[in-house]
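The next block holds one structure in the form of structure tokens; read it before the comments.
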Amino acid sequence: MLNILWPAFILISFIYGILKGNVDNINQSIFESAANAVELSITFFGTICLWNGIMKIAQETTFVTKLTKVLKPLVDFLFPDSKHNEKAKEEISMNMVANILGLGNAATPLGLKAMKTLQKENAKKDTISNSMAMFIVINTASLQLIPTTVIAIRASLGSSNPTQIIFPVWGATIAAAVAAISATKIFIAIDKRKNKTIEITKKRG
């Protein structure tokens, strides 16, 4: 859908600019946007390399392994349906650790592997399971120790203290995660109760 919307927006903008006689402004904005894009990319590259390098060092140490063990009780609580699936729990834990450490490039393949593992134990292949739904929610409201992308954007725009948003980001993501997980847990409980009622009704019938 976005492949249709974005070209349409660009085309409409060009036509409107030409009709209004702003061809010079259009050309100027194109070159300025191209220059800004290159500058932003360079800033992103440097900042993300720095923090990913730091996080990669942490990943190579026992810190990640210990953090995965710490997350085990939380994973058991969040994914009770997959409590006995050790492979799924390990992949989910590694994905959560990668997100927490800001290793987005590592988190994505780990997340895909975890979803494939959860799909194998999913009884309804055309519908996501409760564990899969919870996993999507957690990834959407993922906690990060170092929000590298936001820091890079602030640095590129000339912020005097680009890392100042770390604590507010922690507060916002924690609140978002708690709200999302709570809502998902409630919906899952309602769904289970509904399915249980249907099963009881079928047995009586």
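Worth knowing before you read on, the calculation uses all heavy atoms, side chains too, and leaves out hydrogens, waters and symmetry mates.
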Legend entry - Residues Glu90, Lys87: salt bridge by 4.0 Å N-O rule: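 The answer is no: the pair does not qualify as a salt bridge.
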So which atom in [X] and which in [Y] form the shortest heavy-atom distance, rounded to 0.1 Å?
| X | Y | answer |
| --- | --- | --- |
| Asn122 | Met132 | ND2-SD, 4.0 Å |
| Pro162 | Ser159 | N-OG, 3.4 Å |
| Ala180 | Thr184 | O-OG1, 2.7 Å |
| Val75 | Lys89 | CG1-CG, 4.0 Å |
| Phe77 | Lys185 | O-NZ, 2.7 Å |

Legend entry - Main-chain N/O of Thr163 paired to Arg154 side chain as donor or acceptor, under 3.5 Å: no
Inset, instruction - Output yes when a side-chain donor or acceptor of Asn139 lies under 3.5 Å from a complementary backbone atom of Phe135, and no otherwise. - result: yes
Inset, instruction - May I ask you to list the residues sharing a hydrophobic cluster with Ile190, side-chain cutoff 4.5 Å, ordered by chain and number? - result: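 Besides Ile190, the hydrophobic cluster comprises Ile186, listed by chain and residue number.
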Hydrophobic cluster identity match, [X] and [Y], side-chain contacts under 4.5 Å:
| X | Y | answer |
| --- | --- | --- |
| Phe187 | Met134 | no |
| Ile138 | Trp170 | yes |
| Ile165 | Phe167 | yes |
| Leu112 | Val137 | no |

Legend entry - Inter- and intrachain pairs under side-chain hydrogen bond (donor to acceptor under 3.5 Å, both in side chains), touching residues 124-138, at least two apart: Ser82-Ser131
Inset, instruction - Go through the steps for Ile128 and Gln119 under the test side chain to side chain contact (heavy atoms under 4.5 Å, CB included), then give the verdict. - result: CA-CA 8 Å; Ile128 63 171; Gln119 177 67 357; over 6 Å; no
Legend entry - pair Leu118-Ile92: side-chain heavy atoms closer than 4.5 Å: yes
Legend entry - Minimum side-chain heavy-atom gap Phe9-Leu5 below 4.5 Å: yes
Legend entry - Qualifying residues under salt bridge (Lys or Arg N to Asp or Glu O under 4.0 Å), relative to Lys192, sequence neighbours excluded: Asp81
Legend entry - From NE2 (His84) to CG (Asp76), nearest 0.5 Å: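 CG of Asp76 is found 9.0 Å from NE2 of His84.
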Inset, instruction - Could you walk me through whether Asn85 and Lys120 pass side chain to side chain contact (heavy atoms under 4.5 Å, CB included), step by step? - result: CA-CA 11 Å; Asn85 191 335; Lys120 289 180 181 178; over 6 Å; no
